[in-house]
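Below is one structure, written out as structure tokens; comments come after it.
Every number for a ligand or one of its atoms is a count from 1 in the order of the listing.
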Amino acid sequence: GAFNIFNYLSARAVIRGAQKLALPVILQTSMQAVRRFGPEELGTMLRQLAWNASTNVIIHLDHCTNLDMAKACMDAGWDSIMFDGSALPLEENIRLCQEVVSYAHPRGIYVEGELGRIGGVEDDIAVKASETSQASLEEAIRFVKESGIDTFAPAIGTAHGQYHSAPKIKFDLVAELKNAVDTPIVIHGGTGLPETTFRKLIRNGGAKVNVSTAIKQAYIHGCQEYMKENPELLDPIGFDQFLNCRIEETAMKHMELFHRDFL
Ligand code: 13P
């Protein structure tokens, strides 16, 4: 499970959920979150939380399109970086991933790459349905081998944000990729997929599953619910605890599902 967090409370809640299940977890930050706090402040905060955790916590940068930010995050303690060159021609995507890999690998940092374009909105990255494209097996194999990436996010029909109709997912492509390359497959657009879809994707080779919108919903809907029920209460710690529970439950629900066949 890889969960997009956006502040101290959300990061801590996801880690606490993982600890309760004794499972490792990936905390992801968007470029927007990095810009909001700065890599130093955010990196220090997340490293401290990871250090104190009783489970293995990986800190990952999600959908980074900027080389300078990727390097700044690597310098500030991120364990893994997604370089998203999916809007670029294949050659350019490979070249930029290679550049990130050459900075990352000597520092022991992983790199995730994307091929094909995943639709929907993830913070400030928006890809319209008309702009989406899916990766072909041949191009995907070439991309993985030539770029040197450690984890691979192929566009397979899932999308960021809410699903308004059932997505058409290329389960076979995931299985074919798993057989063709020795690189873990990343599934984006986890929010709203049914349990059967998650399990089929994981059985076919999905090794990292990204969930962002569900965590944001737990936080914002939790705020709205608390304020409605307690409009006059001046108890910020109680308020934070309520939100912590909402996020923790959401993360745990997904983690249990992802690991069900393995627990
Ligand atoms: P969702 O917002 O659909 O959960 O997607 C998360 C994601 O893939 C982040 O990269």
Side-chain angles (χ1 to χ4, degrees), residues 1-6 10-11 13-14 17 25-35 46 58-66 69-70 73 78-87 97 100 110-129 131-135 149-170 174 184-195 197-198 201-202 205-221 246-247 249-258:
F3 300 92
N4 289 58
I5 53 81
F6 35 82
S10 55
V14 170
V25 70
I26 300 169
L27 298 186
Q28 311 198 130
T29 59
S30 65
M31 288 176 73
Q32 199 179 41
V34 174
R35 276 196 290 268
L46 295 177
I58 292 284
I59 301 165
H60 174 82
L61 177 62
D62 195 29
H63 290 286
C64 181
T65 53
N66 179 301
M69 183 184 282
C73 286
W78 268 250
D79 304 293
S80 174
I81 302 286
M82 174 185 192
F83 185 77
D84 181 354
S86 61
C97 282
V100 178
Y110 302 112
V111 179
E112 177 180 327
E114 174 176 329
L115 189 67
R117 294 207 80 191
I118 299 166
V121 180
E122 177 48 48
D123 273 1
D124 48 1
I125 297 199
V127 179
K128 293 190 201 113
E131 294 166 347
T132 60
S133 63
Q134 296 191 358
I149 53 171
D150 307 286
T151 51
F152 177 39
I156 53 158
T158 56
H160 299 124
Q162 302 276 23
Y163 290 102
H164 301 295
S165 57
K168 291 191 178 63
I169 299 176
K170 284 190 163 177
V174 178
I185 310 288
V186 182
I187 308 297
H188 281 249
T191 298
L193 293 176
E195 176 169 349
T197 300
F198 279 129
L201 283 168
I202 293 168
K208 168 177 180 266
V209 185
N210 289 1
V211 178
S212 175
T213 304
I215 300 294
K216 291 180 194 164
Q217 282 170 335
Y219 186 79
I220 299 289
H221 294 172
R246 282 300 158 93
I247 294 176
E249 281 162 15
T250 304
M252 284 175 76
K253 194 181 79 190
H254 285 88
M255 283 186 253
E256 274 173 335
L257 217 155
F258 300 158

Keeping the roles fixed (side chain from [X], backbone from [Y]), state whether a donor-acceptor pair exists under 3.5 Å.
X: T250; Y: A214; answer: no
X: Y163; Y: A159; answer: yes
X: E256; Y: K253; answer: no
X: N210; Y: G189; answer: no

Review point. Between N4 and ligand 1, is there a nitrogen or oxygen pair with a distance under 3.5 Å?
Key: no
Point to revise | Polar contact flag for G189 and ligand 1 (N/O pairs, less than 3.5 Å) | key: yes
I need the contact type for [X] against ligand 1. Using non-hydrogen atoms and a strict under-4.0 Å cut-off, is it side chain, backbone, both or neither?
X: D62; result: side chain
X: A214; result: neither
X: E122; result: side chain

Review point. Does any donor atom in the side chain of E122 or S30 lie under 3.5 Å from an acceptor atom in the other side chain?
Key: no
Practice item. Return yes if a side-chain donor-acceptor contact under 3.5 Å exists between N4 and D62, otherwise no. Key: yes
Which of the numbered atoms in ligand 1 are under 4.0 angstrom from any heavy atom belonging to [X]?
X: H160; answer: 3 (O), 5 (O), 6 (C), 7 (C), 8 (O), 9 (C), 10 (O)
X: S212; answer: 1 (P), 2 (O), 4 (O), 6 (C)
X: H63; answer: 10 (O)
X: V211; answer: 4 (O)

How close does the nearest protein non-hydrogen atom get to [atom], and which residue and atom is it?
atom: atom 3 (O) of ligand 1; value: G161 N, 3.1 Å
atom: atom 2 (O) of ligand 1; value: T213 OG1, 2.5 Å
atom: atom 4 (O) of ligand 1; value: T191 OG1, 2.5 Å

Revision key, fill the gap. Residues passing the side-chain hydrogen bond (donor to acceptor under 3.5 Å, both in side chains) test with T213, sequence neighbours excluded, are none
Check your understanding: How would you list, by chain and number, every residue that makes a side-chain hydrogen bond (donor to acceptor under 3.5 Å, both in side chains) with Y110, sequence neighbours excluded?
Key -> none
Check your understanding: Pick one: which of E112, K208, E114 meets side-chain hydrogen bond (donor to acceptor under 3.5 Å, both in side chains) with H188?
Key -> E112
Review point. For A159, is the nearest heavy atom under 4.0 Å from an atom of ligand 1?
Key: yes
